[in-house]
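Naming: A, B, ... by sequence-line order, numbering from 1 per chain.
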Number of protein chains: 2
Amino acid sequence: MAEHYTDTQMLEMMAKHGWRITDQRRTLAQLFAESDAYLSPKDVYEYMKTKYPGVSFDTVYRNLRIMSEMGVLEQFYFLDGGLKFRGGCLTRHHHHVICTGCEKTLSLDYCPMEQSIELPDDFQVMNHRFEIYGLCRDCQSDSDAAREQSEG
Amino acid sequence: MAEHYTDTQMLEMMAKHGWRITDQRRTLAQLFAESDAYLSPKDVYEYMKTKYPGVSFDTVYRNLRIMSEMGVLEQFYFLDGGLKFRGGCLTRHHHHVICTGCEKTLSLDYCPMEQSIELPDDFQVMNHRFEIYGLCRDCQSDSDAAREQSEG
DNA sequence: TTAGATGCAAAGTCTTTGCAATTTG
DNA sequence: CAAATTGCAAAGACTTTGCATCTAA
C-alpha cells in the first residue's frame, strides 16, 4: 500500500511542474518521504543546516511552499496555530490521529462526513476538518517515566 | 436554551477571577455576547476604535487573551492559520459548522468521537477537532449574485 | 489608596520579498 | 547559455513586553 509519496515521486512531480531538481530539494524529498511526523519550518531548517551549513531560512520556506502547492507535502496548522508540514498522502480521503508527543501521525479511514449529519438548511459544505490528538504508546511511557522520576 | 455566555455572565466571570470591569471590557463582552461570528484581533480592534478612538492594539490583545483564558471567549485557529475569537459556549461538548463567507457559526450536537473509531493500539486520546466549513444560505446567494454580475 | 489597566513605543517571532551571485537543464 | 535557484539583507505582518500614567474598587 503506497500511502505516501516516495522521494522519487516527489522529484518527478517537481520536474513535471517545471521546477529544477537541486540538491536541497532532493534532500527535502528524502526527509519527508522517510518521516511520518509533522515538521515545522524551523525543524526542517535545522535539519537542512546539518547537511548544507550555509542554507538560508527563506530558501527552506520557499521550497516547503512550492512542494505544498504541488501537493507532495501537506501543510497543516496545529491546534495551537503552529505551521507544520509532512509528506503528502496518496491514498483516498482520510483523517489523522496525531501524537502530540512525537507528532507522528497515523491515518484513519473513518470520516465523520460519511455519517448523516444534520446540517443547517441549505448549508453548502466545502471542506471539513477532523483530527484526533493524543499520545501514542511510546510517548505515554516517556511521560510515565518522566513523572516517576520527578515524583521520586 | 442559553447557548453562549451573556455579557453579564462574562463580566461576572472577570470579576470572579479578580479582573476589573472597565468600559473597554464591558464593550468587548457586549460585542461577543451579541455576535455568533469569529472575529480576528484586528476585527475587534477596528470595532473598538469606533468607540474608543485612542484604544491600542495591545490592550485589545491583552483583553482577548485573558477572556480566552477564563473560557468566556473561544480562541480558534482557522484552516489558514488565522487566529479568531468568538463568545464561549456554555452548552455541552459540541462542534461547529462555520460559514467561510460571513464566519458565523452554528453548533452541531453530533460528535464523531461518539462513534466507535478504530484507533491505533494503546493510543490515548487527549483532544480532537472537527469542523465543517462551507457557505450558509445567505452567502451562497451573495456569491451567486456576484457571479451573475461578473458573467452578465 | 493601591493593585490593576491602559497607551505608547519598542522588541520578538514568524514569514515574505528584492536582488546579485550561483547553478541547473 | 538562459532561466531558475540560492543566500543575504531587509521588510512585513502579527503578537508580546516594559514602563509611566491613569483608574476601578
Rounded to the nearest Å, what distance is computed from the [atom1] atom of residue [X] to the [atom2] atom of nucleotide [N]?
X     : N      : atom1 : atom2 : result
A:L11 : C:dG25 : CG    : C1'   : 15 Å
A:M67 : D:dT5  : CE    : C1'   : 15 Å
A:K42 : C:dT13 : NZ    : C1'   : 10 Å
A:N63 : C:dT24 : CG    : C1'   : 14 Å
A:L83 : D:dA13 : CG    : P     : 18 Å
B:D58 : D:dG18 : CG    : P     : 13 Å
A:L64 : C:dT16 : CG    : C1'   : 14 Å
B:M14 : D:dA24 : CE    : P     : 15 Å

**Asked** Looking at DNA chain D, which of residues 48-57 of chain A put a heavy atom within less than 4.0 Å of it?
**Response**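 Under 4.0 Å from DNA chain D: A:G54, A:V55, A:S56.
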
**Message:** Is the phosphate of C:dA5 approached by B:T59 (side-chain N or O, under 4.0 Å from OP1 or OP2)?
**Reply:**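 So the side chain of B:T59 is outside the cut-off, no N or O lying under 4.0 Å from OP1 or OP2 of C:dA5.
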
**Prompt:** Can you tell which of B:L28, B:T27, B:V55, B:L73 makes a side-chain contact (heavy atoms from CB on, under 4.5 Å) with B:V44?
**Reply:**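 Looking at B:L28, B:T27, B:V55, B:L73, the match for B:V44 under the side-chain contact (heavy atoms from CB on, under 4.5 Å) is B:L28.
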
**Asked** Only one of A:H93, A:H95, A:R92 forms a side-chain contact (heavy atoms from CB on, under 4.5 Å) with A:D109, so which one is it?
**Response**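 One option only clears the test, and that one is A:R92.
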
**Request:** Using a cut-off of strictly less than 4.0 Å between a heavy atom of the residue and any atom of DNA chain C, enumerate the qualifying residues of residues 19-34 of chain B by number.
**Result:**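 Heavy-atom cutoff 4.0 Å gives B:W19, B:R20, B:T22, B:Q24, B:R25.
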
**Prompt:** Should the pair A:F130 and B:F130 be assigned to parallel (<30°), tilted (30 to 60°) or perpendicular (>60°) ring geometry?
**Reply:**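 Plane angle over 60°, so perpendicular.
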
**Item:** Contact check, side chains of A:F32 and A:V72, non-hydrogen atoms, under 4.5 Å
**Value:**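 No. Closest side-chain heavy atoms not under 4.5 Å.
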
**Request:** Would you mind classifying the nucleic acid contact of A:R62 as base, sugar-phosphate or nothing, using non-hydrogen atoms under 4.0 angstrom?
**Result:**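 Base contact - A:R62 has a heavy atom under 4.0 Å of at least one base atom.
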
**Asked** What's the shortest heavy-atom distance between B:T59 and B:S56, and which atoms?
**Response**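 Shortest heavy-atom separation between B:T59 and B:S56 comes out as OG1-OG, 2.9 Å.
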
**Item:** Matching residue for A:Y38 among A:H96, A:K104, A:K84 - test: side-chain hydrogen bond (donor to acceptor under 3.5 Å, both in side chains)
**Value:**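 The passing option is A:H96.
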
**Message:** Show every side-chain hydrogen bond (donor to acceptor under 3.5 Å, both in side chains) that has at least one partner inside residues 62-71 of chain B, sequence neighbours left out.
**Reply:**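 Checked against side-chain hydrogen bond (donor to acceptor under 3.5 Å, both in side chains) - neighbours excluded - the pairs reaching residues 62-71 of chain B are B:R25-B:N63, B:D58-B:R62.
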
**Request:** Establish, yes or no, whether the cationic atom of A:R129 lies under 6.0 Å from the six-membered ring centre of A:Y77 and within 45° of the ring axis.
**Result:**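 Judged by the rule, A:R129 and A:Y77 form no cation-pi pair.
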
**Message:** Taking atom CD as the centre, does B:E118 end up with more than 12 heavy-atom neighbours from other residues, nucleotides or ligands that are less than 6.0 angstrom away?
**Reply:**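 Incorrect, the count does not exceed 12.
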
